[in-house]
Amino acid sequence: MKGTSVPWLLWLISLLCGSTNQARLIVSPSSSQLFEGDRLSLSCEGEDSAAGWTVKRNTPKRQRSRCGDGWGKQVSSSCTITYIFKRDSGVYWCECREGITSNTVNITVTGGPVILQSPVLPVMEGETITLLCKAKSTPSNLPAAFYKDGSFIGTESTGHMTIPRVSMSDEGLYKCHISHHGESPPSWITVTGKPTTTAPPSTLSPPSTSTLLSVSTLMTTPIQSTAMASPSATALPTDSAPPTVSIHLSLVLRVVCHLVVFCPYVITTVLMVSLYRQRPSATAPHPYPEQKLTEDFDVMEVTIEHHF
């Protein structure tokens with residue numbers, strides 16, 4: 001009984017700890033580069049709207065500042081910057097009250113004449129992306145030359161370049177140039193692999209002891225966070241990414257809370273089962289009730305004669 005209860009307990013704790021709130025930062029307009037004076041909207045989309053998601057950022061001058069604290073206006077789980085400045089360039093993310101963070105977005109604000117509008121979030125292999133080279137002084141699209149990792153890759157008459165079915169080789173640093181206007185800052189485009197899918201099990205059954213032990217080991221192992229650094233000289237330093245210490249602390253506190261809640265129930269159940277199994281059994285009835293009664297009378301007579 002004890003050997004089977006431990007895997008079930010670990011399985012239950014892993015399920016409860018894995019049900020953490022997740023959020024995603026949505027940026028509008030969906031571009032990693034903006035002109036100074038543009039409007040920027042950032043929204044935290046999560047499974048639990050009551051988790052208290054707040055938009056935060058790291059800039060070269062301030063670290064981990066929240067929306068409304070000297071910049072932007074926070075309404076519910078959204079943040080709006082009506083007039084963006086070059087000093088607003090930085091790394092943005094969502095964070096809830098428990099310290100859990102979302103994906104990060106790198107925003108570059110330029111005072112130059114040209115920007116490159118590229119996907120602000122990583123793209124998946126097989127998707128199609130569109131790059132737009134845009135001049136601030138001219139609303140219409142102009143011919144533009146595009147570059148990847150410093151090498152010329154083509155010219156588009158409308159300023160739009162479409163890359164169909166992107167692969168890992170398309171990941172890199174992109175920029176564009178418009179004649180008589182100028183060149184855009186570089187932007188790093190990240191390409192991720194397709195997620196692997198596995199067939200669902202035929203029957204629902206609790207995981208094995210070895211699987212649960214490996215899950216529990218993974219839960220207690222510190223998570224190493226790696227930040228993808230752009231090779232651009234204008235890229236922000238890697239230490240501008242939000243720290244993950246709060247995530248580790250939140251997970252540890254969550255595990256401790258679950259243990260505190262479930263341990264009394266488990267201990268009480270084990271004690272009750274132990275007491276029940278150690279309780280002495282009731283006296284078995286006499287196989288011959290009449291003989292039992294006669295023996296009782298004989299004992300009584302012997303006792304009376306002894307007293308006389």
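Computed from a prediction, not measured in an experiment: that's the story for all the values here.
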For this session: Would you give the length of the straight line joining atom CD of Glu125 to atom OG1 of Thr192, rounded to the nearest 0.5 angstrom?
Result: 7.5 Å

For this session: Going by the side-chain contact (heavy atoms from CB on, under 4.5 Å) test, name the single residue among Thr190, Asn103, Ile189 that passes it with Pro122.
Result: Thr190

Seminar exercise, completed: In short, salt bridge (charged side-chain N to carboxylate O under 4.0 Å, His left out) pairs touching residues 180-189 with sequence neighbours left out are Lys175-Glu183

Problem set entry | Cluster overlap Val114 with Leu142, hydrophobic side-chain contacts below 4.5 Å | yes

Exercise. Quick one: salt bridge (charged side-chain N to carboxylate O under 4.0 Å, His left out) pairs with a partner in residues 68-81, sequence neighbours left out?
Worked result: Arg62-Asp69

Problem set entry | Pairs satisfying salt bridge (charged side-chain N to carboxylate O under 4.0 Å, His left out), at least one member in residues 151-167, at least two apart | none

Exercise. Any side-chain heavy atom of Met161 within less than 4.5 Å of one from Ile153?
Worked result: yes

Exercise. Partners of Ser31 by side-chain hydrogen bond (donor to acceptor under 3.5 Å, both in side chains), sequence neighbours excluded?
Worked result: none

Exercise. At their closest point, which heavy atom of Leu25 faces which heavy atom of Tyr92, and how far apart are they?
Worked result: CD2-O, 3.5 Å

Problem set entry | Distance-minimising heavy-atom pair for Val166 and Asp170 | CA-OD2, 3.2 Å

Problem set entry | Sequence neighbours excluded, every pair satisfying salt bridge (charged side-chain N to carboxylate O under 4.0 Å, His left out) that has a member inside residues 79-88 | Arg57-Asp88

Problem set entry | Rounded distance [0.5 Å steps], SG in Cys67 versus CG in Leu42 | 7.5 Å

Exercise. Distance from Trp53 atom CH2 to Ser43 atom OG, nearest 0.5 Å?
Worked result: 13.5 Å

Exercise. Are Ile163 and Phe146 connected, step by step, through hydrophobic side chains (Ile, Leu, Val, Met, Phe, Trp, Tyr) whose heavy atoms are closer than 4.5 Å?
Worked result: yes

Problem set entry | Residue pair Val191 / Glu171: nearest heavy atoms and the distance that separates them | N-OE2, 2.9 Å

For this session: Could you check if a side-chain atom of Cys44 sits within less than 4.5 angstrom of a side-chain atom of Val55, using non-hydrogen atoms only?
Result: yes

Exercise. Same cluster for Val27 and Leu121 if Ile/Leu/Val/Met/Phe/Trp/Tyr side chains link at under 4.5 Å?
Worked result: yes

Seminar exercise, completed: Tightest non-hydrogen contact, residues Phe35 and Ile84, listed as O-CG2, 3.6 Å

For this session: Would you please test Thr108 and Ile115 for side-chain contact (heavy atoms from CB on, under 4.5 Å) and show each step?
Result: CA-CA 10 Å; Thr108 301; Ile115 62 171; over 6 Å; no

Exercise. Roughly how far, to the nearest 0.5 Å, is OG1 of Thr59 from NZ of Lys61?
Worked result: 8.5 Å

Exercise. Measuring from Ser187:OG to Tyr174:OH, what's the distance to the nearest 0.5 Å?
Worked result: 11.5 Å

Problem set entry | Under 3.5 Å: donor-acceptor pair, side chain of Lys56, backbone of Thr101 | no

Seminar exercise, completed: Heavy-atom nearest pair, Leu173 first then Pro186, reads CG-CB, 3.7 Å

Problem set entry | Heavy-atom pair with the smallest gap, counting every atom of Cys133 and Ile178 | SG-CG1, 3.5 Å

Seminar exercise, completed: Here the gap from Cys79 atom SG to Arg66 atom CZ, rounded to the nearest 0.5 Å, amounts to 10.5 Å

Problem set entry | Sequence neighbours excluded - side chain to side chain donor-acceptor pair (under 3.5 Å) pairs with any residue from residues 109-120 | Ser32-Ser118

Exercise. Quick check: does any side chain N or O of Gln33 sit under 3.5 Å from a backbone N or O of Pro185, one acting as donor and the other as acceptor?
Worked result: yes

Problem set entry | Exceeds 12 heavy-atom contacts within 6.0 angstrom, atom CE of Met272 | no

Exercise. Can you list the steps and then say if Phe85 with Val109 is a side-chain contact (heavy atoms from CB on, under 4.5 Å)?
Worked result: CA-CA 7 Å; Phe85 294 93; Val109 183; 5.8 Å; no

For this session: For side-chain contact (heavy atoms from CB on, under 4.5 Å), just list the numbers for Ile107 and Val120, CA-CA rounded to whole Å, side-chain angles, deciding distance to a tenth of an Å, and then say yes or no.
Result: CA-CA 8 Å; Ile107 300 295; Val120 68; 4.3 Å; yes

For this session: Kindly indicate whether the side chain of Asn58, heavy atoms from C-beta on, has any atom under 4.5 Å from the side chain of Arg64.
Result: yes

For this session: Please check if the side chain of Gln74 supplies one atom and the backbone of Gly68 the other of a donor-acceptor pair under 3.5 Å.
Result: no

